[in-house]
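Working notes for the structure below.
Each chain gets a letter, A, B and so on, in the order its sequence line appears, and its residues count up from 1. Worth saying up front: this structure is predicted, and the values here are computed from it rather than measured.
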Amino acid sequence: MWNYEKRLQHPVKITQTNPKIAQVIISQFGGPDGELSASMRYLAQRYSMPYKEVTGILTDIGTEELAHMEMICAIVHQLTRDLSPEQLVESGFDKYYVDHTLALWPTSASGAPWTATYFQSKGDPITDLHEDMAAEQKARSTYDNILRLIKDPEICEPIRFLREREVVHYQRFGESLRIVQDHLDSKNFYAFNPEFPLDLKCK
Amino acid sequence: MTENKPNRHELLEWINVVSFAVDDVKLFLDTHPCNQEALEYFDEFKKQRVHALKEYAKYFGPLTLDTACTPAEYWCWINEPWPWQEGGC
C-alpha cells in the first residue's frame, strides 16, 4: 500500500523551457538506468528476500525512486510546457511530440521505449544486490553525463540532488550485501541460495 | 489568528528539510536498526514533520490524506496545484 504526498522530495522550479535538454533528461524517466527501472527493480526483488533489513531497504529505496521519477517528470514537463510548433521543430522535440504531444511517456533519450528487460530480479540476494549497486553507479554516471550538458542552475540543482541520492543508495546496498554475507557460509558465499528454500533444507 | 499564520514558502521549505532528514535516516536505520543516535534523530524529525504537515494543511491545504481538513464543504485535496504545476509544492 502506498500513500501519495502532494509535494516533490526536492523542489523543481524551472522557469525557462528547453526541449533540447528535456530529450536528454527524459532518459532518467524511461531509460535503462532511469528512476522507473530503479523503482521496479527494487520493488520486484523484495518479495523473496529473506533478511528483514534488506527487505526494508529494497522497499524504502524502491519507494524513494518513485519520488525521483516524479521529480524527473516534473523537470521534463516544466522544460517542455507552452512550446510553439517552431520551437518543437528547431529543438528536435517534434519526433517525441508527434506520438505523445507534451505528455510524459517512459523512453530513453535515443527513443527506445521503457522495457522490463532493463532490470533483473534474479532471486539470489548476492546477485540482486550486485545488480542494485551497479544500477546506482550507472544512474550516477548518467547524472554526471547530464550535468556536463546543462548550464541552467534551475535544472542543475535538482539533478545534483538526485545524483547525490544515487551515492547514498549505493552505500546502503553495500551494507545490505554485507548483512546478507553475514548470514552465509563465510568459506563459500555461494554454497546455497537463501532465497531458494530447498537449498536451506539440504544445508 | 492571521498574525500567527506562517509564511507558506518557509513552511514548505521546512517540511522538505525535516522530511528529507526522516527519509535519509530511515534508510540508514534499515541497515543499522540498533543505532541509538539514529533512532533519536528519527524520532525528533518525525515529530517535527508531523507537526509541520498539520500546520501546512491548516493554512494552505493538505499535502497528505491524513492531514486533509474534514469535515469540509469542498474536497480540498484537489484544490491546490499539483507538485509539477505552477505554484505547486
| task | Just give me the residue among A:Leu8, A:Ile14, A:Val168 that pairs up with chain B most often, heavy atom to heavy atom, under 4.5 Å. | result | A:Leu8
Give, as side chain, backbone, both or neither, the part of [X] having an atom under 4.5 angstrom from any heavy atom of chain B.
| X | result |
| --- | --- |
| A:Phe173 | neither |
| A:Ile61 | both |
| A:Gln78 | side chain |

| note | Residue from B:Pro83, B:Pro62, B:Gly61, B:Pro81 scoring the most non-hydrogen pairs under 4.5 Å with chain A is B:Pro83
| said: For chain A, which candidate among B:Asp24, B:Leu12, B:Thr64, B:Asp23 shows the most heavy-atom pairs at distances under 4.5 Å? | reply: B:Asp24
Shortest non-hydrogen separation from [X] to [Y] and the atoms involved:
| X | Y | value |
| --- | --- | --- |
| A:Arg7 | B:Ser19 | NH2-CB, 2.9 Å |
| B:Trp84 | A:Glu70 | CZ3-OE2, 3.8 Å |
| A:Arg81 | B:Glu86 | NH1-N, 4.3 Å |
| B:Thr31 | A:Ile57 | CG2-CD1, 4.1 Å |

Hey, is [atom1] on [X] packed in by over 12 heavy atoms from elsewhere, all under 6.0 Å?
| X | atom1 | result |
| --- | --- | --- |
| B:His9 | NE2 | no |
| A:Tyr97 | OH | no |
| A:Arg178 | CZ | no |
| A:Lys13 | NZ | yes |
| B:Phe20 | CZ | yes |

State, yes or no, whether a side-chain contact exists between [X] and [Y] at a heavy-atom distance under 4.5 Å.
| X | Y | answer |
| --- | --- | --- |
| B:Leu27 | A:His169 | yes |
| B:Asp30 | A:Arg172 | no |
| A:Lys52 | B:Pro33 | no |

| Using 30° and 60° as the class limits, which term best fits the ring planes of A:Tyr4 and B:Trp82: parallel, tilted or perpendicular? | tilted
| said: Would you compute the distance between atom CD of A:Glu53 and atom CG of B:Leu29 and round it to the nearest 0.5 angstrom? | reply: 11.5 Å
| Between the main-chain N or O of B:Glu80 and the side-chain N or O of A:Lys6, is there a donor-acceptor pair closer than 3.5 Å? | yes
